[in-house]
2 protein chains.
Amino acid sequence: MIKSYIENANFEDTGFSYTLSLISGKHKMVILYCLMEFEVVRFNELRRYLNKISDKTLATNLKELEKDQLIIRKEYPQIPPKVEYSLSERGKSLMEVLDQLCVWGENNRMR
Amino acid sequence: MIKSYIENANFEDTGFSYTLSLISGKHKMVILYCLMEFEVVRFNELRRYLNKISDKTLATNLKELEKDQLIIRKEYPQIPPKVEYSLSERGKSLMEVLDQLCVWGENNRMR
DNA sequence: CGGTATCCATAACGATACTG
DNA sequence: CAGTATCGTTATGGATACCG
């Protein structure tokens with residue numbers, strides 16, 4: 001898997017860098033975690049879970065996650081507006097892998 | 001594992017974000033991959049594998065990876081200088097997890 | 001409530017020149 | 001060869017104000 005990446009001198013076009021592109025940035029992983037934990041979350045609710053994220057950054061991140069089909073955005077046409085975010089099946093499958101990073105981190109933290 | 005993260009409203013202090021802090025940035029993962037693949041690599045050799053990385057950025061990244069004990073820097077006291085980089089055992093164990101991201105990316109790429 | 005628009009701060013990264 | 005120093009550029013995120 002990895003060997004072919006380097007030999008082809010073509011890392012940018014690999015599944016690995018593709019995965020990274022989906023979850024890079026300061027907040028995306030945390031957003032995904034919140035959605036995994038609470039399943040269905042509204043915009044301002046999410047903003048409270050993420051300690052100090054701005055409206056703009058949260059909105060941008062959610063749009064990208066939606067575009068990448070990791071999360072689902074459900075809008076209710078009402079006043080005041082109501083929008084619910086949740087993980088897609090694709091998003092859930094990614095979370096299984098990311099959880100391994102948690103485990104490694106817990107086990108390999110240096111004191 | 002994850003549940004406790006959110007409930008504690010303490011994500012910044014988790015094993016997961018810790019792992020991320022080790023490998024964030026544009027090049028670190030690629031550097032680790034090169035070291036995994038070629039095992040022992042010199043500075044300029046590494047610079048050629050990473051398409052367009054500057055001296056400065058590569059040096060900074062290598063220093064951080066070394067400080068985080070993911071890689072080992074071995075310097076030969078000679079003229080001209082010779083320095084070899086390789087994965088530590090800790091670095092190798094992290095690569096096993098990261099490889100799962102490869103696999104997910106290959107399987108879940110959208111066309 | 002769930003955003004946008006605008007402007008600004010910061011940090012990451014890069015280019016070039018130089019050195020022990 | 002393996003870097004460092006300096007400067008410039010770009011990408012990312014934040015603050016504030018405002019809107020349907």
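All of these numbers come straight from a predicted model, not from anything done at the bench. Just so it is clear: chains get the letters A, B, ... in the order the sequence lines come, proteins before strands, and each one is counted from 1. Just the heavy atoms: all of them, side chains too, but no hydrogens, waters or symmetry mates, feed the values below.
- Both A:Ala59 and A:Pro81 lie close to DNA chain C; mapped to their nearest nucleotides by heavy-atom distance, the more 5′-ward contact belongs to A:Pro81.
- When the nucleotides D:dA15, D:dT4, C:dG14 are ranked by their closest atom to the side chain of B:Lys63, D:dT4 comes out on top.
- Mapping B:Thr60 and B:Arg48 onto DNA chain D by nearest heavy atom places B:Arg48 at the nucleotide closer to the 5' end.
- Candidate nucleotides D:dA2, C:dG2, D:dC1 were compared by shortest atom distance to the side chain of A:Arg73, and C:dG2 ranks first.
- Nucleic acid contact for A:Arg47: none, since no nucleic acid atom lies under 4.0 Å from a heavy atom of the residue.
- Between B:Glu84 atom CD and D:dG3 atom C1' the separation is 16 Å, expressed in whole Å.
- Place A:Asp55 and B:Arg42 on DNA chain D by their nearest nucleotides, and B:Arg42 ends up nearer the 5' end.
- Residue B:Val40 comes nearest to B:Ser86 through the heavy atom pair CG2-CB, 4.4 Å, listed as atom of the first residue, atom of the second, then distance.
- The nearest whole Å value for the distance from the CD1 atom in A:Ile53 to the P atom in D:dG13 is 8 Å.
- Note: CD1 (A:Ile79) to P (D:dC19) measures 16 Å, nearest angstrom.
- Counting to the nearest Å, the P atom of D:dA2 and the CG atom of B:Asn61 are 17 Å from each other.
- Between the NZ atom of B:Lys52 and the P atom of C:dT16 there is a distance of 12 Å, rounded to whole Å.
- For the OP1/OP2 pair of D:dG3 and a distance below 4.0 Å, the side-chain nitrogens and oxygens of B:Tyr85 include at least one atom meeting the criterion.
- For A:Val83, whose side chain is taken as the heavy atoms from C-beta onward, the closest listed nucleotide among D:dG3, C:dG2, C:dG14 is C:dG2.
- Each of A:Lys56 and A:Lys82 was assigned the nucleotide of DNA chain C with the nearest heavy atom; the assignment lying further toward the 5' end belongs to A:Lys82.
- Side-chain contact, A:Glu84 with A:Tyr76: a donor N or O sits under 3.5 Å from an acceptor N or O.
- Nearest nucleotide to the A:Asn44 side chain, out of C:dC1, C:dC13, D:dC1: C:dC1.
- For the residue pair A:Thr57 / A:Thr60, no side-chain donor-acceptor distance below 3.5 Å is found, with atom types taken as modelled.
- The distance from atom CG of A:Leu62 to atom C1' of C:dG2 is 11 Å, rounded to the nearest whole Å.
- A straight line from CZ of A:Phe43 to P of C:dT4 spans 8 Å, rounded to a whole angstrom.
- Between B:Ser54 and the phosphate of C:dC13, there is no side-chain N or O to OP1/OP2 separation shorter than 4.0 Å.
- Rounded to whole Å, atom P of D:dG3 lies 13 Å from atom CD of B:Glu45.
- Under a hydrophobic clustering in which Ile, Leu, Val, Met, Phe, Trp and Tyr are joined whenever their side-chain heavy atoms come within less than 4.5 Å, directly or via other members, B:Leu32 and B:Leu58 fall into the same cluster.
- Taking 3.5 Å as the limit, the base of D:dG13 and the side chain of A:Lys26 contain no donor-acceptor pair of atoms between them.
- With ring centers used as reference points, B:Tyr33 lies 6.0 Å or more from B:Tyr49.
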